[in-house]
Amino acid sequence: MGDTLDTIELVLPFKAEYVSVARLVTSGLCNRMGFDVETIEDVKVAISEVCSKLVSIGSNVSQCYKIVYSVSEDVLKVTYLCEDSSLKCIFNNGDDGLAIHIINALMDEVELCTSNDYILSMSKVVEGND
Amino acid sequence: MGDTLDTIELVLPFKAEYVSVARLVTSGLCNRMGFDVETIEDVKVAISEVCSKLVSIGSNVSQCYKIVYSVSEDVLKVTYLCEDSSLKCIFNNGDDGLAIHIINALMDEVELCTSNDYILSMSKVVEGND
Amino acid sequence: MSDGLSFTKEKSDEYVKVSLVGEVDIYTSQDFKNMLYEVVDCEKMNLIIDCKQLNYIDSTGLGIFVGALKKVKQYDKKIVLTNLKDNIKKLFVITGLDKVFVIE
Amino acid sequence: MSDGLSFTKEKSDEYVKVSLVGEVDIYTSQDFKNMLYEVVDCEKMNLIIDCKQLNYIDSTGLGIFVGALKKVKQYDKKIVLTNLKDNIKKLFVITGLDKVFVIE
Ligand SMILES: Nc1ncnc2c1ncn2[C@@H]1O[C@H](COP(=O)(O)OP(=O)(O)O)[C@@H](O)[C@H]1O
Ligand SMILES: Nc1ncnc2c1ncn2[C@@H]1O[C@H](COP(=O)(O)OP(=O)(O)O)[C@@H](O)[C@H]1O
């Protein structure tokens with residue numbers, strides 16, 4: 001896939017029925033990048049956890065949120081954005097124990113509660129890619 | 001899925017390896033909307049024809065093109081956009097006979113060479129949806 | 001394409017078995033929760049959940065399993081999960097829920 | 001997830017059979033074209049293309065079939081397409097290519 005970074009964006013409404021679309025895109029990209037089947041399932045879960053949380057919070061300001069997939073040779077980085085700047089620390093350790101735990105366990109790097117203008121980002125490295 | 005219109009956007013690089021991502025998103029949305037399996041395959045082909053053509057043309061101005069899926073109760077409308085305003089009548093009747101033929105046959109409404117600021121749009125109605 | 005969730009219910013003298021087919025995510029979770037909690041509250045029996053054809057679950061679904069477990073415990077019954085796919089079993093291990101449920 | 005394309009080649013005295021597995025789209029088309037044209041030009045035999053496991057094709061792929069047909073005709077041979085799935089056969093009918101190829 002070359003050294004350059006490809007960017008794929010997906011904008012979804014805050015609705016439960018579209019979370020599976022994020023999983024499909026994730027499958028397709030991970031597949032192309034050469035992740036193994038098990039890892040693809042893991043990344044799908046992590047990405048889905050964030051979407052589910054966003055959908056359950058929703059927004060009064062915006063109809064939709066954006067997922068940016070940054071694809072490089074061996075790293076998939078996923079960033080979540082929304083016009084609604086009140087969406088910031090979307091997970092809290094009490095209620096969302098399971099979700100945070102899962103995301104941290106399945107992804108290589110996770111940045112929650114960022115000081116940047118995105119909601120969160122996380123990334124996964126392709127293993128054994130010679 | 002309610003009467004309101006949901007909008008899903010997908011931004012893809014002008015690269016052949018991402019055309020299949022558009023097919024995946026199409027599958028997912030058509031599935032949710034209740035299209036039958038045969039129709040889903042048809043819509044995937046039509047959408048893929050446009051992506052392939054865009055990728056084969058490419059752009060000097062923009063890295064990517066955008067697909068907007070407008071979902072209502074029983075119609076999927078798909079619109080293609082790009083910052084590069086030179087992308088307009090992307091199909092020509094000579095070389096692209098097969099592609100145009102296929103798109104027109106598989107979709108319910110197709111608008112090529114629009115006077116609008118998008119590249120083209122096409123739509124498909126869910127049949128037998130009571 | 002696998003999408004959505006369906007379930008079948010089977011009853012014997014000693015347990016109710018619920019078989020899941022498809023995906024438990026935020027979209028299908030409300031139906032799943034209603035179904036599962038109703039089975040638990042009506043039958044008041046040991047519950048076997050067959051996950052052979054469960055392709056996907058995330059924390060939304062795990063939370064529902066935990067909720068069901070709390071309910072069955074009120075009736076002194078247990079939940080047994082069977083035939084979990086590897087990617088799903090992994091989530092139970094990660095969250096420590098493999099020690100809370102009987103997984104076969 | 002089905003993705004990409006792979007093909008196997010089988011030879012008898014009278015024909016070469018190529019079996020396609022996966023998708024022929026703009027991404028896989030260059031490989032497919034190279035493979036198919038090479039088979040045609042090297043073998044100079046009747047060509048059977050088995051599409052039993054071909055899940056997807058669009059005009060990019062159809063154009064390659066047409067190109068291959070023009071080549072085999074130079075050698076007075078023919079192309080037979082077998083086991084087409086309904087959605088793929090439909091594309092041949094739509095484009096009129098069902099009258100150009102032998103489809104079984
Ligand atoms: N490792 C664990 N072991 C047992 N129960 C847990 C564990 N982690 C979370 N729970 C419980 O699972 C339930 C659902 O958790 P979670 O999905 O985080 O919360 P919620 O469904 O309220 O968003 C909660 O009742 C929580 O206490
Ligand atoms: N209905 C048809 N019957 C026979 N040949 C056709 C038909 N439609 C197109 N072709 C031929 O198929 C080839 C590929 O068509 P097409 O995909 O439209 O062009 P290109 O590959 O040059 O973009 C061309 O050589 C064209 O002449």
Side-chain angles (χ1 to χ4, degrees), chain A residues 12-28 30-31 35-58 65 67 78 80 90-108 110 112 122 124, chain C residues 1-7 20-37 49 51-71 73 79 81 83-101 103:
Chain A
L12 293 175
F14 283 108
K15 292 194 178 180
E17 59 256 54
Y18 297 114
V19 172
S20 62
V21 175
R23 284 201 292 279
L24 284 173
V25 171
T26 307
S27 294
C30 287
N31 218 17
F35 282 101
D36 59 69
V37 176
E38 193 192 329
T39 308
I40 294 177
E41 288 306 311
D42 292 348
V43 178
K44 278 165 68 179
V45 171
I47 284 173
S48 202
E49 291 289 351
V50 179
C51 296
S52 302
K53 189 64 198 178
L54 284 171
V55 165
S56 71
I57 299 173
Y65 60 99
I67 310 177
V78 184
Y80 287 77
I90 57 170
F91 292 104
N92 79 58
N93 275 304
D95 290 347
D96 305 311
L98 284 179
I100 299 181
H101 213 81
I102 289 173
I103 293 169
N104 280 321
L106 298 181
M107 298 300 280
D108 289 329
V110 182
L112 303 167
M122 51 197 191
K124 189 78 183 175
Chain C
M1 172 146 325
S2 98
D3 218 3
L5 177 74
S6 62
F7 26 76
L20 305 178
V21 180
E23 307 188 334
V24 179
D25 75 347
I26 190 174
Y27 181 56
T28 56
S29 63
Q30 199 55 52
D31 279 355
F32 175 55
K33 190 174 184 172
N34 292 343
M35 178 281 296
L36 197 64
Y37 286 12
I49 304 179
C51 301
K52 196 166 158 188
Q53 294 182 76
L54 178 65
N55 299 316
Y56 179 86
I57 196 167
D58 54 27
S59 69
T60 318
L62 296 179
I64 294 169
F65 280 153
V66 172
L69 186 65
K70 287 179 183 162
K71 280 179 174 292
K73 282 188 171 166
I79 295 183
L81 303 174
N83 298 321
L84 274 74
K85 293 192 177 179
D86 285 347
N87 57 315
I88 290 172
K89 186 175 267 175
K90 185 173 183 175
L91 292 179
F92 280 88
V93 174
I94 285 172
T95 55
L97 290 174
D98 60 329
K99 300 193 180 62
V100 178
F101 291 91
I103 297 180

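Naming convention: chains lettered A, B, ... in sequence-line order (proteins, then strands); numbering from 1 in each chain. Worth saying up front: this structure is predicted, and the values here are computed from it rather than measured. Any value given below was found using the heavy atoms of this structure, including those in side chains, with hydrogens, waters and symmetry copies removed.
- Both the backbone and the side chain of C:Ile94 come within contact range of chain A, each with at least one heavy atom under 4.5 Å from a heavy atom of that chain.
- Listed by first then second residue, pairs satisfying salt bridge (charged side-chain N to carboxylate O under 4.0 Å, His left out) with a partner in residues 53-64 of chain C number zero, not counting sequence neighbours.
- A 4.5 Å side-chain heavy-atom check between C:Phe65 and C:Ile49 finds at least one atom pair inside the cut-off.
- With a 4.5 Å cut-off on non-hydrogen atoms, A:Asp42 touches chain C through its side chain but not through its backbone.
- Residues A:Ser48 and C:Tyr56 bring a donor and an acceptor atom of their side chains to less than 3.5 Å of each other.
- For C:Phe101, the ring-ring contact (aromatic ring centres under 6.0 Å, His included) criterion is met by C:Phe92, not counting sequence neighbours.
- For C:Ile57, the part lying near chain A is the backbone, with the side chain staying farther off; criterion is any non-hydrogen pair under 4.5 Å.
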